[in-house]
Q: 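Got a structure for you, questions after.
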Amino acid sequence: MSTLPTPGAAPTPGQTVGPFFHYALPYEGDAELVPAGSAGAIRLHGQVMDGAGVPVPDALVEIWQAAPDGSVVQQAGSLHRDGWTFTGWGRCATDRAGHYSFSTLLPGSTEPGAAPFFAVTVFARGLLDRLLTRAYVPGDALDADPLLASVGPRRDTLIASPDPQGLLFDIHLQGPRETVFLTFPGR
Amino acid sequence: MTVPILSTQADVSLEIAAIADQHDAASPGAQPRLDYTPYRSAILRHPTKDLHHADPETIERWAPCFGPQDVDPLEADLTIQHSGEPIGERITVTGRVVDGDGRPVRRQLVEVWQANAGGRYIHQRDQHPAPIDPNFTGAGRILTGDDGSYTFQTIKPGPYPWKNHRNAWRPAHIHFSLFGTEFTQRMVTQMYFPGDPLFALDPIYQSITDAGARDRLVATYDHNLTVPEWSTGYRWDIVLSGSHRTLMDDEEPDA
Ligand SMILES: [Fe+2]
């Protein structure tokens, strides 16, 4: 991995997405990276919860992932999906029960043996800046993953669990099961 | 912690001042504090554990791509989405999106949304009894140019009341959603207008405890962008966080 030096230009700060994003950010087909029920489609879904265990009905979840063969997709078309192009990116606003749901493909390993995961971004009213995390695909590759090895007992909060249609990944903003959120060099 | 059920502006201003006094020069506070409880909705929605330091893996060193099929150029004009002219002060907002190394973020998606001139959103949850403008929706999209530039036409949004505390008002702002060249640079923020008297009172703006960082959210009035007999102009540049990826052959640094 090559890391550029910490940049000199001062970054613009983030701010909360607020309560009024629903008419601007969600769009038709946003959460369907592939048509639901199509060949190879899986569901990645879960609930966003606050520190009292109450579902968050005004959160926005985004995923960004590799293709099943592990390649990084650089295809436009996420905002007007043509039904044939896998862009690797999707967005889903939570419903009244704090639930989000994507129809997508399983990401592959980007390097031999690397544990595949969905890169996840969370926005919400009350959340002053976006949160970044990973939803790992369960499997043997997890044992060798450096991030999972470094987080200690909260490791399970980063691993999706199998369910009948695909994978379940709940996001706890706070509380005893608080999800591990990530920060990267340069911010 | 105990928080009064319905605080006054004076209560909240005292909390803002107390946190500002603790402001630690060693940790500059250039991003909002997630645990900034003068913003009441943050109380149960902020992580209590420190963010975990991670090195970006391959997928996190890339960002999704958007292209001409995603964004109609007309989406950059929020004043022409209906049959009539919206009410309010026509403005142009323009600037550049660059990464932490100063490289332009090219052909990337910018999404904006805002209240109308009276401070009302077209959103079913907005209860502010200011009029809805039938000629203004307040949402737009732009694809940045090869120099990272973006431009859109809109109406200057009004300040609006909210229920954080009694007599709470947000300074006028436009919400921005930004992508970089890497997943780690994803950001949502708000652009403000110069000289707003509500800045000192607003817990969302004040959640950034570093004054210099807060200033970076404020656009500059630019008379060169003002169009005679038509509209006024504001400039606002956006710097995303640093990048981690080696430059590819097709990604020459800006000359
Ligand atoms: Fe707003």
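None of the values given here were measured: they were computed from a predicted structure. So that the names make sense, note that chain A is the first sequence line, chain B the second, and so on, each numbered from 1.
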Q: Identify each donor-acceptor pair in which a side-chain atom of residues 25-42 of chain A lies under 3.5 Å from a protein atom, sequence neighbours left out, and give them as a table.
A:
| unit_1 | atom_1 | unit_2 | atom_2 | d |
| --- | --- | --- | --- | --- |
| A/Tyr27 | OH | A/Ser78 | O | 2.9 |
| A/Asp30 | OD2 | A/Tyr27 | N | 3.2 |
| A/Ser38 | OG | A/Pro35 | O | 2.6 |

Q: Which pair of heavy atoms, one from A/Gly175 and one from B/Lys49, lies closest together, and at what distance?
A: O-NZ, 4.2 Å

Q: Under the 3.5 angstrom rule, does the side chain of B/Gln31 hit a backbone N or O of A/Asp129 as a donor-acceptor pair?
A: no

Q: Can you tell me if A/Gln74 uses its side chain to pair, donor with acceptor, with the backbone of B/Ala63 under 3.5 Å?
A: yes

Q: So which part of A/Glu178 gets closer than 4.5 Å to some heavy atom of chain B, the side chain, the backbone, both or neither?
A: side chain

Q: Below 4.5 Å, heavy-atom pairs only: which of A/Asp50, A/Thr183, A/Leu173 has the largest tally toward chain B?
A: A/Thr183

Q: Going from CZ on A/Phe184 to CD on B/Gln185, what distance comes out if it is rounded to the nearest 0.5 angstrom?
A: 11.5 Å

Q: So, applying side-chain contact (heavy atoms from CB on, under 4.5 Å) with B/Arg45, which one of A/Val54, A/Thr16, A/Asp58 is it?
A: A/Asp58

Q: Given heavy-atom pairs under 4.5 angstrom as the criterion, report whether the side chain, backbone, both or neither of B/Ile238 touches chain A.
A: both

Q: Counting only heavy atoms closer than 4.5 Å, note whether B/Tyr36 contacts chain A via side chain, backbone, both or neither.
A: both

Q: Report yes if some heavy atom in the side chain of A/Arg125 is under 4.5 Å from a heavy atom in the side chain of B/Tyr39; otherwise report no.
A: yes

Q: Classify the ring geometry of A/Trp89 against B/Phe179: parallel below 30°, tilted from 30° to 60°, perpendicular beyond 60°.
A: perpendicular

Q: Could you look at A/Phe123 and say if it's the side chain, the backbone, both or neither that has a heavy atom under 4.5 Å from chain B?
A: side chain

Q: Give a yes or no on whether the backbone of B/Ile204 and the side-chain of A/Gln15 come within a donor-acceptor separation of less than 3.5 Å.
A: yes

Q: Considering all heavy atoms of both residues, which atom of A/Ala24 and which atom of B/Trp113 are nearest to each other, and what is their separation?
A: CB-CB, 3.3 Å

Q: Relative to chain A, which segment of B/Arg33 carries a heavy atom at a distance below 4.5 Å: side chain, backbone, both, or neither?
A: backbone

Q: Side chain, backbone, both or neither: which part of A/Val151 has a non-hydrogen atom closer than 4.5 Å to chain B?
A: both

Q: Are the side chains of A/Pro13 and B/Arg214 in touch, meaning some heavy atoms are under 4.5 Å apart?
A: no

Q: With a sphere of 6.0 Å drawn around CG of A/Asp82, does it hold more than 12 non-hydrogen atoms of other residues, nucleotides or ligands?
A: yes

Q: Side chain, backbone, both or neither: which part of A/Gln65 has an atom under 4.5 Å from a heavy atom of chain B?
A: backbone

Q: Count the heavy atoms of every other residue, nucleotide or ligand shown that sit under 6.0 Å from CG of A/Asp143, and state whether that count exceeds 12.
A: yes

Q: Side chain, backbone, both or neither: which part of B/His175 has an atom under 4.5 Å from a heavy atom of chain A?
A: side chain

Q: Could you look at B/Ser177 and say if it's the side chain, the backbone, both or neither that has a heavy atom under 4.5 Å from chain A?
A: side chain

Q: So do B/His52 and A/Leu147 actually touch side chain to side chain, heavy atoms under 4.5 Å?
A: yes

Q: Ignoring hydrogens and angles, tell me if any N or O in the side chain of B/Asp70 forms a donor-acceptor pair with the backbone of A/Leu79 under 3.5 Å.
A: yes

Q: If we define contacts as heavy-atom pairs under 4.5 Å, which of B/Ser41, B/Ala139, B/Cys65 has the most with chain A?
A: B/Cys65

Q: Between B/Glu111 and chain A, with a heavy-atom cut-off of 4.5 Å, which part of the residue counts as in contact: side chain, backbone, both or neither?
A: side chain

Q: At a heavy-atom separation under 4.5 Å, does B/Ser207 approach chain A through its side chain, its backbone, both, or neither?
A: side chain

Q: Any idea which of A/Val180, A/Thr133, A/Thr87, A/Val56 has the most non-hydrogen atom pairs under 4.5 angstrom with chain B?
A: A/Val56

Q: Distance from A/Thr12 atom OG1 to B/Leu240 atom CG, nearest 0.5 Å?
A: 7.0 Å

Q: For B/Leu109, which atoms come within 4.5 Å of any heavy atom of chain A: side chain, backbone, both, or neither?
A: side chain

Q: Is B/Arg186 reaching over with its side chain to a backbone N or O of A/Thr121, donor-acceptor style, under 3.5 angstrom?
A: no

Q: Report which part of B/Gln108 has an atom under 4.5 Å of a heavy atom belonging to chain A: side chain, backbone, both, or neither.
A: neither

Q: When rounded to the nearest 0.5 angstrom, what is the spacing between CG in A/Leu182 and CZ in B/Phe183?
A: 8.0 Å

Q: Let's test your reading of the structure: which of A/Ala59, A/Pro107, A/Pro11, A/Ala66 forms the most heavy-atom pairs below 4.5 Å with chain B?
A: A/Pro11

Q: Identify the two heavy atoms, one from A/Leu131 and one from B/Pro47, that lie closest to each other, and give their separation to 0.1 Å.
A: CD1-CG, 3.8 Å

Q: Do A/Ser150 and B/His53 pair up side chain to side chain, a donor and an acceptor below 3.5 Å, judged on atom types alone?
A: no

Q: If you take all heavy atoms of A/Pro185 and B/Asp55, which pair is closest and at what distance?
A: CG-OD1, 3.9 Å

Q: Could you tell me which non-hydrogen atom of A/Ala52 sits nearest to which non-hydrogen atom of B/Leu44, and how far apart they are?
A: N-CD2, 3.9 Å

Q: Find the one option among A/Phe117, A/Phe20, A/Phe21 whose heavy-atom pairs under 4.5 Å with chain B are most numerous.
A: A/Phe20

Q: Check the surroundings of atom CZ in A/Arg154: do more than 12 heavy atoms from other residues, nucleotides or ligands lie under 6.0 Å from it?
A: yes

Q: Could you tell me which portion of A/Val122 (side chain, backbone, both or neither) has an atom closer than 4.5 angstrom to a non-hydrogen atom of chain B?
A: neither

Q: With a 4.5 angstrom heavy-atom cut-off, could you sort out which part of A/Pro146 is near chain B: side chain, backbone, both or neither?
A: side chain

Q: Against chain A, label B/Asn164 side chain, backbone, both or neither, depending on which of its atoms sit under 4.5 Å from a heavy atom there.
A: neither

Q: Just give me the residue among B/Ala115, B/Ala54, B/Gly212 that pairs up with chain A most often, heavy atom to heavy atom, under 4.5 Å.
A: B/Ala54

Q: Which heavy atom of B/Gly138 sits nearest a heavy atom of A/Tyr23, and at what distance?
A: O-OH, 3.4 Å

Q: To the nearest 0.5 angstrom, please state how far the CZ atom of A/Arg134 sits from the CD atom of B/Glu60.
A: 4.0 Å

